[in-house]
Amino acid sequence: MITIQFPDNTIKKFPKGTTALDIAKDISEGLARNILAAKINGVITDVKKPLKSDQKIDLELLTWKDDGGKSTMWHSSAHLLAEAIQHYYPSAKFAIGPPVENGFYYDIEFPKDISFSSEDFLKIEKKILELAREKNEYILTEISKKDAISYFKKKENNYKLELLEDLKDGDITFYQQGGFIDLCKGPHIPNTSFIKAVKLINVAGAYWKGDEKNKQLTRIYGITFPKQKELTEYLIKLEEAKKRDHRKIGKNMSLFMFSNKVGQGLPLWLPKGAYLRNKLIDFMQNTQLNFGYLPVITPHIGSKDLYVCSGHYEKYGEDSFQPIKTPNVNEEFFLKPMNCPHHCEIYKSEPRSYKDLPLRFAEFGTVYRYEQSGELHGLTRVRGFTQDDAHIFVTPDQVQDEFEAVIDLVLYVLKAMGFKDYIVQISLRDKNNKEKYIGSEANWELAEKSIIQSAKNKKLTPIIEYGEAAFYGPKLDFMIKDAIGRKWQLGTIQVDYNLPERFNLEYKGSDDKMHQPVMIHRAPFGSLERFIALLIEHTSGQFPLWLTPEQIIILPISKKYNEYCRKLLNSLKNYDIRGHVDDRNETTGKKIRDAEMNKIPYMLIIGEKEVKEELMSVREHGGNNLGAMSTTQLTTLIKSKISKELGKE
RNA sequence: GCUGACGUAGCUCAGGGGUAGAGCACUUCCUUGGUAAGGAAGAGGUCGGGAGUUCAAAUCUCCUCGUUAGCUCCA
């Protein structure tokens, strides 16, 4: 007998060789019908795998409700997609086909004369459903490396052969469903009939093993569901998400624009967007004053020597905007791609003592980077953007405390902006690829350790990514997802031992000797452009009251009250309340509708009654009627709401 | 940069070898209004740009610019 422990800690005994499917049947027929995979001692496996341990086994039966169930089904769906593709394109070569966060993909090399596009989706989707209905089992076969190699040699599939190179003989398994056989470690769902609805999402190029030196394959993304209804709901959700897209809202609300004539990836801020942006800058400047930062301002260009010194020229010079040349030969300037070298020069402008440190230079520095054209995206990736940048110069033993103080600042900012779901990521070196980085081994070790320790002290739960560090040092990033689930880096904190060395930065220690400071680069917003993009998507353009360009709109019932309304607006302006009078020749219903569409928080409706009583009828965005209020009541309402938003209450 | 898709009025989009259409926005007039669209009339586009095929191109082909989904990259 074997002892099985379920997630609710109940324990049952079953004969050896029992499968997860048998156990599901034992619990209920319904469960047996819905089980997709099993988690055995934390490892997801096929439900038909016999259990044969003498030890107690932790068993979790996975259905569509579980992430593990979903990913297993999507993995199996990828195989089904491949089978459908194989049906129409027998000579297509299959590379890899894993499940992803929302569905799955398969990377395929099509014959040279075939151009696969989204127009082919329909026939493939139909075929997938047709194959799914055949209720073919996913059959596992163990195979020797030799046989596996000869199988794929016959198929002339170099991708699988390359994958086989890294596999050990004895560990190699094939899965077959219907007429499709794939090299695969599994697990898979019991049979294809669980797949009841399919949607191919998009097709795109993807380099083999993610390396642009390799051949580009055709990647087909898809998603499947056990019920048609769930697919429909998913597609509706996608549509909803698209409505929150900052590019769409930015256009509708006239926040920003792009112009081909100005150039790709160079945003133009329209009055309302510029208002928003200035408000954010005000907020950050005030916050930073409280955290002990000193403002500095540096120019938009810097001489080539500056970047040769910093190491950026060697690393990025070729891929930057080309240098600006002066009439004097041999004089070259670059648009500044970052602010740190300028700040290093400010540091060097006078002798520093350990008593001066930490020294925090902050600047809203606009920088320019030549991003690849395919990578440009709305405001989230642009070629000219403004960082809420600062560089902090500390003694080595201040690194830890200062790093933690910066974490506090970033958390404060995220809270004030209403961001709750963020991912904390620590990016370290790829230890197998050290030539990508500059600086000494000892410094890297030290920097990586102190970041990990800071995160721990601040009770963050970071994910750790190797190989994602900046070339000069490790970093801790705060990432937020956009409307369609892509992760973007907003706030960033980076430790850097290298620039101080390159710029020969020094301070005099208490021992009367010269020492080298450590630099911390940090930007709580990251860039204003990207931050505002994410803010738009998270609020659907319904910004916090303190930030929104228009807090109120005054709606005269008829033009008889226009003059009165203009006076009212002026008196509200004295209380720092901003907005305008809608004196268009329109009905009140129309004015209200437009104000609703423009997401203006408060509508002040003024007619005969209000003029007589010196009150205003206040309607909140969304339709809530707050009734008649005096100017004092309204200003109190707005002020208290703003205090609450900024966490001052 | 690479692969696929897309580019028609200010916006959202329809059309598609015989030289353009809707809704909203805009302008003017009528209406002077009470909590999500009052009515009428008008103005707006060499269909992203260039070349080719054709008697004829917004429509087909090629090139180019831009947008977009991914891949790669991201100081």
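Chain identifiers are assigned alphabetically (A, B, ...) following the order of the sequence lines, protein sequences preceding nucleic acid strands; residue numbering begins at 1 within each chain.
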Asker: Mark up nucleotides 66-71 of chain B, 5' to 3', with B wherever a protein heavy atom is under 4.0 angstrom from a base atom, S wherever such an atom reaches only the sugar-phosphate, and - elsewhere.
Answerer: SSSBBB
Asker: Scan residues 481-497 of chain A for pairs that pass salt bridge (charged side-chain N to carboxylate O under 4.0 Å, His left out), counting only residues two or more places apart or in two chains.
Answerer: A:E101-A:K481, A:D482-A:R486
Asker: Please name all residues satisfying side-chain contact (heavy atoms from CB on, under 4.5 Å) with A:N260, sequence neighbours left out, ordered by chain then number.
Answerer: none
Asker: Just jot down the side-chain contact (heavy atoms from CB on, under 4.5 Å) partners of A:E371, sequence neighbours excluded, or say none.
Answerer: A:R369, A:L376, A:R381, A:R383
Asker: Looking at residues at least two apart in the chain, or sitting in another chain, which of them share a salt bridge (charged side-chain N to carboxylate O under 4.0 Å, His left out) with A:K248?
Answerer: none
Asker: Can you list, by residue number, the residues of residues 297-305 of chain A that have a non-hydrogen atom closer than 4.0 angstrom to RNA chain B?
Answerer: none
Asker: How is the base pairing of RNA chain B summarised as a dot-bracket string, given the Watson-Crick and G-U wobble criteria with both distances under 3.5 Å, [ ] for crossing and | for another strand?
Answerer: ((((((((.[[[[.)..(..]]]].(((((.......))))).....[[[[[..)....]]]]])))))))....
Asker: Show the distances under 3.5 angstrom between N or O atoms of the protein and N or O atoms of nucleotides 61-64 of chain B.
Answerer:
none

Asker: Sequence neighbours excluded, which residues qualify as salt bridge (charged side-chain N to carboxylate O under 4.0 Å, His left out) partners of A:R429?
Answerer: A:E441, A:E445, A:E448
Asker: Residues in salt bridge (charged side-chain N to carboxylate O under 4.0 Å, His left out) with A:K591, at least two apart?
Answerer: none
Asker: Distances for protein N/O vs nucleotides 23-30 of chain B N/O pairs under 3.5 angstrom?
Answerer:
residue: B:A25; atom: OP1; partner: A:K590; partner atom: NZ; Å: 2.6

Asker: Could you go through nucleotides 43-46 of chain B and list every protein N or O atom that sits under 3.5 Å from one of its N or O atoms, giving the distance for each pair?
Answerer:
none

